[in-house]
2 protein chains.
Amino acid sequence: MAQNVQDLPRELFSGIDRSGSVPLYSQVAQRLEQAIADGTLPAGSRLENEIALGDQLGLSRPTIRRAIQELVDKGLLVRRRGVGTQVVHGPVTRGVELTSLFEDLASSGRTPRTTILDADVRPADDAEADALGVTVGSPVLHLRRLRFADGVPLAVLDNLLPEPFLDLDRAELATDGLYSLLRARGVTMRVAKQRIGARAATPRESELLDLPPGAALLTLARTAFDDSGRAIEFGQHCYRPDLYSFEVTVVDR
Amino acid sequence: MAQNVQDLPRELFSGIDRSGSVPLYSQVAQRLEQAIADGTLPAGSRLENEIALGDQLGLSRPTIRRAIQELVDKGLLVRRRGVGTQVVHGPVTRGVELTSLFEDLASSGRTPRTTILDADVRPADDAEADALGVTVGSPVLHLRRLRFADGVPLAVLDNLLPEPFLDLDRAELATDGLYSLLRARGVTMRVAKQRIGARAATPRESELLDLPPGAALLTLARTAFDDSGRAIEFGQHCYRPDLYSFEVTVVDR
DNA sequence: AAGTGGTCTAGACCACTCA
DNA sequence: GAGTGGTCTAGACCACTTG
């Protein structure tokens, strides 16, 4: 019987750049992802096996495997031992990434704007010191901002930052995202631990977000860590749920 | 100068089982994770380099790398090129996994109970057919359940299931979770795409969940896919936000 | 029995960081 | 310049699924 295997057009993989700085597995993953997005690899179709793919591209099997694994983690492909690799049926969604709200908005074509409500340096109380992993009483920057998208109030952002960041520029905070300011200081965010919940808005929040009193809010509490594993930021954000939600793709390995 | 490198106790790795079915990288990852959990590897400490670890354990570098990568993905370790691998500072939390609410509750020591509110087979409308990837008008099972934890109403669970699952046993649905019933039929969940949001409760939901009218609810819309990439389940759940929230660990790679 | 993905090895070279 | 993780190769053997 004829195989249900997709013969990928050669052109799709002709442009592999071995000298550039983009890893080969990453280039392969990108090409596969695009082939899925534009329908070259339709939902449910089977890929050729890993060794054959490697031969066609002049790459080793581990390199191909890593490319495929990347798309499995994104929820685009499914692998079964003894069977093969298939494109997942159903709609394709974008996952949560380690970005800031500001960047999320900008990259989805909306216009973000920020108003600074508060920016104080105060000694850390027990809970704050615990969240940031600093000693009680050490100075921390309390930041409270209101974020707009296309002129509509979207979220109230409360952030705590430890010692090295007490002097963040208020003017820059109004125009750039917090994360881009931190990157400009050479800080690389690596891990964030987030808790997503919901609660009723306080009167103040209702007013700021232009919502009826006691309206439902989507909440995010996040601790972000840098390269060296130090806590860089503790944030407590609340969003207008009619304008914002989170997408997560979960994969069983 | 003396290195800040942890000398791991030999015992920690003595019990590697080469013949069992548990992969070596998985065994190494488990031992590292436990060493972090019990303080043998304190927050901020540096691991030895990958080749040295491999030599000590009699394993190759790729195997060690894969074990470390697993913990990096969980947010427990941080790697920097040219520097080394360190344990992340700060609290350790559990991430979201591909499990059901029923299993989450059971594994955290609480007693789940379920009431079936509805279980009808109806033809799929446009939106439902789209969510499940079936044709419009094909029969789907509409399931509506109320989930309790320790006797307290916690969530209203709306689920849609396609053709092969129309005859799920109502009695079993009351005692087991949906996912364990599906597993019993040989279905293996592989990928789920979830959207987390919030909204006000409807009068009916307020009543079911024992909340004041219009209270804030945490919502989850999920499509789950099996081994072969077929949509198996579309769920729209809402939770009491004072009793439930989601944890997500995000890693930049 | 044939074909698939899952695991593992033993090397190699490179880019980056830091003293 | 020494040491680290990042990438890549070319094999090998195994477990599992399917015909």
Side-chain angles (χ1 to χ4, degrees), chain A residues 1-6 16-29 45-73 77-87 186 188 190 226-229 251-253, chain B residues 1-6 16-29 45-73 77-87 186 188 190 226-229 251-253:
Chain A
M1 131 190 187
Q3 295 282 356
N4 183 22
V5 173
Q6 286 292 320
I16 297 282
D17 173 17
R18 291 193 86 92
S19 63
S21 67
V22 180
L24 300 179
Y25 64 81
S26 201
Q27 296 182 45
V28 174
S45 60
R46 255 182 49 210
L47 262 59
E48 296 175 83
N49 74 60
E50 299 170 343
I51 297 182
L53 277 175
D55 285 348
Q56 290 180 25
L57 305 181
L59 297 173
S60 69
R61 186 181 168 207
T63 302
I64 299 292
R65 270 188 72 76
R66 181 152 180 188
I68 291 176
Q69 186 61 49
E70 214 162 89
L71 299 187
V72 169
D73 290 345
L77 295 178
V78 174
R79 289 204 269 216
R80 277 185 295 172
R81 187 192 316 218
V83 178
T85 304
Q86 277 181 300
V87 179
T188 318
R190 267 302 168 65
D226 76 350
D227 267 303
S228 67
V251 179
D252 186 31
R253 301 205 224 183
Chain B
M1 137 193 181
Q3 295 283 356
N4 183 22
V5 172
Q6 286 293 320
I16 297 283
D17 173 18
R18 290 193 87 94
S19 63
S21 67
V22 180
L24 301 180
Y25 65 80
S26 202
Q27 296 182 45
V28 174
S45 60
R46 256 184 45 213
L47 262 59
E48 298 175 82
N49 74 60
E50 298 170 343
I51 297 182
L53 277 175
D55 285 348
Q56 289 180 26
L57 305 180
L59 298 173
S60 70
R61 187 183 167 206
T63 302
I64 299 293
R65 271 188 71 77
R66 180 150 182 191
I68 290 176
Q69 187 60 48
E70 214 161 272
L71 299 188
V72 169
D73 290 344
L77 295 177
V78 172
R79 287 203 271 214
R80 276 183 294 172
R81 187 191 323 214
V83 179
T85 304
Q86 279 181 299
V87 179
T188 317
R190 266 302 168 66
D226 76 351
D227 267 29
S228 66
V251 178
D252 186 32
R253 303 203 223 186

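Chain letters run A, B, ... following the sequence lines, proteins first and then strands; every chain starts at 1. Note: hydrogens, waters and symmetry copies are ignored here, and every other heavy atom, side chains too, is used.
Of the listed residues (Leu47(B), Leu77(B), Val28(B)), just one forms a side chain to side chain contact (heavy atoms under 4.5 Å, CB included) with Leu71(B), and that residue is Leu77(B).
Considering only side-chain N and O atoms, Thr63(B) lies under 4.0 angstrom from the phosphate OP1 or OP2 of dT9(C). Checking the phosphate oxygens (OP1, OP2) of dT9(D), a side-chain nitrogen or oxygen of Arg18(A) falls inside 4.0 Å. One finds a side-chain N or O of Asn49(A) lying less than 4.0 angstrom from the OP1 or OP2 phosphate oxygen of dT4(C). For Thr85(A) and dG5(C), the shortest distance from a side-chain N or O to OP1 or OP2 is below 4.0 Å. Between Tyr25(B) and dC8(C) there is no side-chain polar atom (N or O) within less than 4.0 angstrom of OP1 or OP2. For Arg65(B), a side-chain nitrogen or oxygen approaches OP1 or OP2 of dG6(D) to under 4.0 Å.
As rounded to whole Å, 11 Å separates atom C1' of dG5(C) from atom CZ of Arg66(B). Glu50(B) has its CD atom 12 Å from the C1' atom of dG3(D), to the nearest Å. The separation between Leu24(A) atom CG and dC8(D) atom P is 4 Å, rounded to whole Å. Rounded to a whole Å, the CZ atom of Arg46(A) is 8 Å from the P atom of dT4(C). To the nearest angstrom, P of dT17(D) lies 14 Å from CD of Gln86(A). One interatomic measurement links the two molecules: CD of Gln69(B) to C1' of dT7(C), which rounds to 17 Å at whole-angstrom precision. Rounding to whole angstrom units, CD1 of residue Ile51(B) and C1' of dG6(D) are separated by 12 Å. Look at CG on Asp227(B): it is 15 Å from C1' on dT18(D), rounded to the nearest Å.
Contact check for Thr85(A) versus Val78(A): no side-chain heavy atoms found under the 4.5 Å cut-off. No side-chain heavy atom of Gln27(B) sits under 4.5 Å from any side-chain heavy atom of Leu59(B). Residues Ile68(A) and Glu50(A) meet the side-chain proximity criterion, which asks for heavy atoms closer than 4.5 Å.
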Protein-proximity profile, nucleotides 11-19 of chain C, B/S/- by nucleotide at the 4.0 Å heavy-atom cutoff, equals -B--BBB--
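For the residue pair Gln69(A) and Arg79(A), a side-chain donor N or O sits within less than 3.5 Å of a side-chain acceptor on the partner. No hydrogens or angles considered: nothing links the side chains of Asp226(A) and Thr188(A) as a donor-acceptor pair under 3.5 Å.
Taking CG of Leu57(A) as the reference point, atom CD1 of Ile16(A) lies at 6.0 Å (rounded to 0.5 Å).
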